[in-house]
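Right, one structure below, let's go through it.
Counting convention: from 1, in listed order, for ligands and their atoms alike. Atoms considered below: every heavy atom in the structure, side chains included; atoms not considered: hydrogens, waters and symmetry mates.
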Amino acid sequence: MYHKSLKPFPKDFLWGASTSAYQVEGASLTHGKGPSCQDVKELPPNTSGLEVCADHYHRYKEDIALMAEMGFKVYRFSISWSRLLPEGTGRINQEGVDYYNNVIDECLKYDIIPLVTMFHFDMPAALDERGSWSNPDSVEWFVDFAKLMYECYGDRVKNWLTINEQNMLTLVGPIIGTLHIPKGCTNKVKEIYQQNHHMLVAQAKAMALCHQMVDGGKVGPAPNISLVYPASCKPEDVIASQNTNAIRNWLYLDMSVFGVYNNLVWAYLEENDATPTFAPGDAEALKNGKPDFIGFNYYNSMTVEDYALDDDNVHLSDSNQQHQRGDKGFYKGTRNPHLPTTEFGWEIDPMGFRSTMREIYSRYRLPLIVTENGLGAYDTLTEDGKIHDSYRIEYLRKHLEQVQLAITDGVEMMGYCPWSAIDLVSTHEGIVKRYGFIYVDRDEFNLKTLNRYRKDSFYWYQEVIASNGKKM
Ligand code: BG6
């Protein structure tokens with residue numbers, strides 16, 4: 001649809017940006033924090049450990065002051081489970097509780113709304129040893145953790161996100177360093193979707209609890225949603241795209257919003273002898289958890305083609321959060337020849353952002369907030385302390401233009417929190433894959449000064465926010 005004029009961004013639009021605890025804080029094994037699965041995983045080749053990251057743990061005041069200078073209305077960050085509960089359950093680390101109290105108070109000092117993700121890829125290692133999400137007790141572990149967060153912070157934090165990119169934990173857990181497969185497992189699909197089921201129930205219970213415990217509390221999921229295109233108009237490719245949309249996207253949102261399994265996903269699980277076991281009360285719990293809004297991460301679209309059961313000549317490419325390789329009889333991931341890619345090989349598709357927003361809204365009719373969107377790139381700090389990241393500005397501008405088009409299409413948009421507020425360690429490609437508006441002076445292995453510098457995108461975003469999206 002071509003519009004003759006565009007609607008403005010709503011006047012209370014939430015401009016901000018995101019980070020996650022294990023990628024930004026550092027202090028990963030100090031100040032009483034227990035290790036998480038990220039601290040004990042085998043590091044991806046040529047990437048640094050998580051002991052320092054951006055040193056946000058010690059520099060959050062400086063960082064939040066810079067966010068305030070940009071004009072943030074909201075800061076999305078996550079709480080590290082093993083910083084609050086070093087063993088995942090039981091003993092509380094008061095220093096950890098105090099740290100997040102300080103971060104929240106610092107945000108509020110500048111009228112920045114804290115938007116807190118409860119779980120961002122960092123299962124406490126002690127719970128990993130007890131089976132992680134494969135253990136049915138994981139539901140209650142998570143609910144107890146949520147309860148503690150609501151008790152400690154619910155007086156000031158009114159906006160919550162449950163599990164970051166649960167779909168990526170399920171689809172590409174090994175690349176993120178989170179997958180736990182018990183010894184002797186004979187049906188991996190069944191195992192993974194049983195874990196996924198536990199997360200879904202845990203999420204639903206945590207959402208219901210938020211409404212009970214947090215006065216005025218609002219809560220939503222935060223999956224990674226990308227509309228999946230068919231590679232051609234061949235009907236088989238269209239069926240493959242519907243399959244992939246179901247397994248990648250709608251499973252998670254159908255469940256969060258309606259509390260039921262998507263029928264295509266259920267059929268896929270039946271095919272694989274992998275339907276999850278429901279514990280008593282699960283079906284009811286899934287129905288009872290209701291989100292107030294939908295948070296979602298978007299980096300690009302995805303394209304797939306048919307993958308017939310008798311097709312034995314397929315070379316499947318590698319998977320990551322943005323590109324899943326495929327599943328025989330269901331779909332095969334392929335490249336979209338119409339899209340350019342980033343330096344790290346991720347496709348760039350601003351228009352796919354608009355179609356994704358349209359599709360989510362027309363399916364669920366809840367307000368949307370973008371919880372991640374951004375460009376990972378190598379940045380250079382010049383001798384006079386500048387970072388000329390025009391490529392990032394271009395990426396973000398093109399995506400924001402699509403947000404305004406989606407608003408004009410009638411999509412109810414609450415806010416935009418790109419990834420990331422400040423440079424941080426990527427999931428598997430190190431800190432040199434930078435996303436931030438704020439540059440952190442360190443290399444992969446040389447910690448340098450850790451000083452902060454404002455990138456060109458910092459000043460650009462400051463103006464976008466000040467003009468409420470009029471100047472992009
Ligand atoms: C999302 C995650 O998948 O993408 C973030 O929620 C992640 O944690 C971001 O950092 C960018 O991905 P990557 O792999 O470049 O760090």
Side-chain angles (χ1 to χ4, degrees), residues 16-26 28 36-39 41 43-50 53-54 56 76-81 115-123 161-179 199 220-226 248-249 252 294-302 318-324 341-349 353 356 369-379 391-392 395-396 399 416-437 440 444:
S18 300
T19 63
S20 93
Y22 89 89
Q23 294 173 278
V24 77
E25 286 175 1
S28 55
S36 80
C37 63
Q38 297 296 340
D39 301 309
K41 75 178 180 192
L43 287 176
N46 305 317
T47 64
S48 60
L50 302 169
C53 295
H56 189 60
R76 176 200 176 211
F77 60 91
S78 76
I79 288 184
S80 156
W81 188 337
L115 172 60
V116 172
T117 316
M118 301 183 206
F119 181 76
H120 194 124
F121 300 164
D122 53 354
M123 180 60 99
L161 295 161
T162 53
I163 298 179
N164 180 70
E165 293 196 356
Q166 187 188 325
N167 48 347
M168 295 306 126
L169 295 177
T170 299
L171 291 166
V172 293
I175 196 137
I176 298 169
T178 52
L179 188 65
M199 281 188 253
N224 176 322
I225 303 295
S226 295
R248 189 197 189 290
N249 298 322
Y252 300 90
I294 291 175
F296 74 104
N297 301 348
Y298 174 88
Y299 288 86
N300 51 43
S301 55
M302 185 178 164
D318 284 342
S319 291
N320 58 46
Q321 300 103 301
Q322 294 316 121
H323 182 83
Q324 283 86 59
T341 55
T342 70
E343 285 177 294
F344 289 85
W346 287 17
E347 289 171 346
I348 302 177
D349 184 9
F353 195 20
T356 299
I369 181 162
V370 180
T371 41
E372 289 182 32
N373 169 236
L375 177 73
Y378 297 105
D379 289 340
Y391 35 88
R392 182 168 295 108
Y395 177 100
L396 294 171
H399 283 78
Y416 180 67
C417 293
W419 189 260
S420 49
I422 181 166
D423 288 343
L424 39 69
V425 177
S426 111
T427 58
H428 59 287
E429 294 179 291
I431 196 158
V432 291
K433 186 183 191 186
R434 295 175 187 270
Y435 283 91
F437 292 108
V440 177
E444 202 57 53

**Report entry** Proximity of Phe344 and Tyr378 rings by center, below 6.0 Å
**Finding:** yes
Query raised in the report: Regarding Asp379 and Tyr391, is there a side-chain donor-to-acceptor distance under 3.5 Å anywhere?
Result: yes
Report task. May I ask you to decide if the ring planes of His120 and Trp419 are parallel, tilted or perpendicular, using 30° and 60° as cut-offs? Result -> parallel
Query - atom 11 (C) of ligand 1: the protein heavy-atom neighbour that sits closest, reported with distance to 0.1 Å - result: Tyr435 OH, 3.3 Å
Report summary line: Quick note on ligand 1: atoms under 4.0 Å from a heavy atom of Thr427 include exactly 7 (C), 8 (O), 10 (O), 13 (P), 14 (O), 16 (O)
Query raised in the report: If you count the atoms of ligand 1 from 1 in the order shown, which ones are under 4.0 Å from a heavy atom of Glu165?
Result: 1 (C), 2 (C), 3 (O), 6 (O)
Query raised in the report: Which protein heavy atom lies closest to atom 12 (O) of ligand 1, and at what distance to 0.1 Å?
Result: Gln321 NE2, 3.1 Å
Report task. Any atoms of ligand 1 less than 4.0 Å from a non-hydrogen atom of Asn297? List them with their elements. Result -> 6 (O)
Query raised in the report: Hey, does Tyr22 come in under 3.5 Å of ligand 1, counting only N/O atoms on both sides?
Result: no
Query raised in the report: Do the non-hydrogen side-chain atoms of Trp346 and Leu375 ever get within less than 4.5 Å of each other?
Result: no
Requested in this report: Starting from atom 10 (O) of ligand 1, locate the nearest protein heavy atom and write down its residue, its atom name and how far away it is, to 0.1 Å.
Outcome: Gln23 NE2, 2.9 Å
Report task. Report the nearest protein non-hydrogen atom to atom 9 (C) of ligand 1: residue, atom name, distance rounded to 0.1 Å. Result -> Tyr299 OH, 3.3 Å
**Report entry** Distance-only N or O hit between ligand 1 and Lys433, under 3.5 Å
**Finding:** yes
Report task. Pick one of side chain, backbone, both or neither for how Leu424 approaches ligand 1, counting any non-hydrogen atom pair under 4.0 Å. Result -> neither
Query raised in the report: So is Phe344 in contact with ligand 1, going by heavy-atom distances below 4.0 Å?
Result: no
Query raised in the report: Mind checking whether Asn164 has an N or O less than 3.5 Å away from an N or O of ligand 1?
Result: yes
Query raised in the report: Under 3.5 Å, is there a donor-acceptor pair linking the side chains of Thr19 and Arg76?
Result: no
**Report entry** Polar contact flag, side-chain donor to acceptor under 3.5 angstrom, Asn297-Asn164
**Finding:** yes
Report summary line: At under 4.0 Å between heavy atoms, what of Met168 touches ligand 1? The answer is neither
Query - Test of proximity, Glu372 against ligand 1: N or O pairs below 3.5 Å - result: yes
Query raised in the report: So, Glu347 and Asn300: side-chain donor and acceptor under 3.5 Å apart, yes or no?
Result: no
Requested in this report: Pull out every atom of ligand 1 sitting under 4.0 Å from any heavy atom of His428, numbered as shown with elements.
Outcome: 14 (O)
Report task. Scan side-chain atoms only and decide if Ser36 and Asp122 contain a donor-acceptor pair under the 3.5 Å cut-off. Result -> no
Query raised in the report: In terms of side-chain heavy atoms, does Tyr299 have a donor or acceptor partner in Asn373 at a distance below 3.5 Å?
Result: no
**Report entry** Whether His399 and Tyr298 hold their rings parallel, tilted or perpendicular, with breakpoints at 30° and 60°
**Finding:** tilted
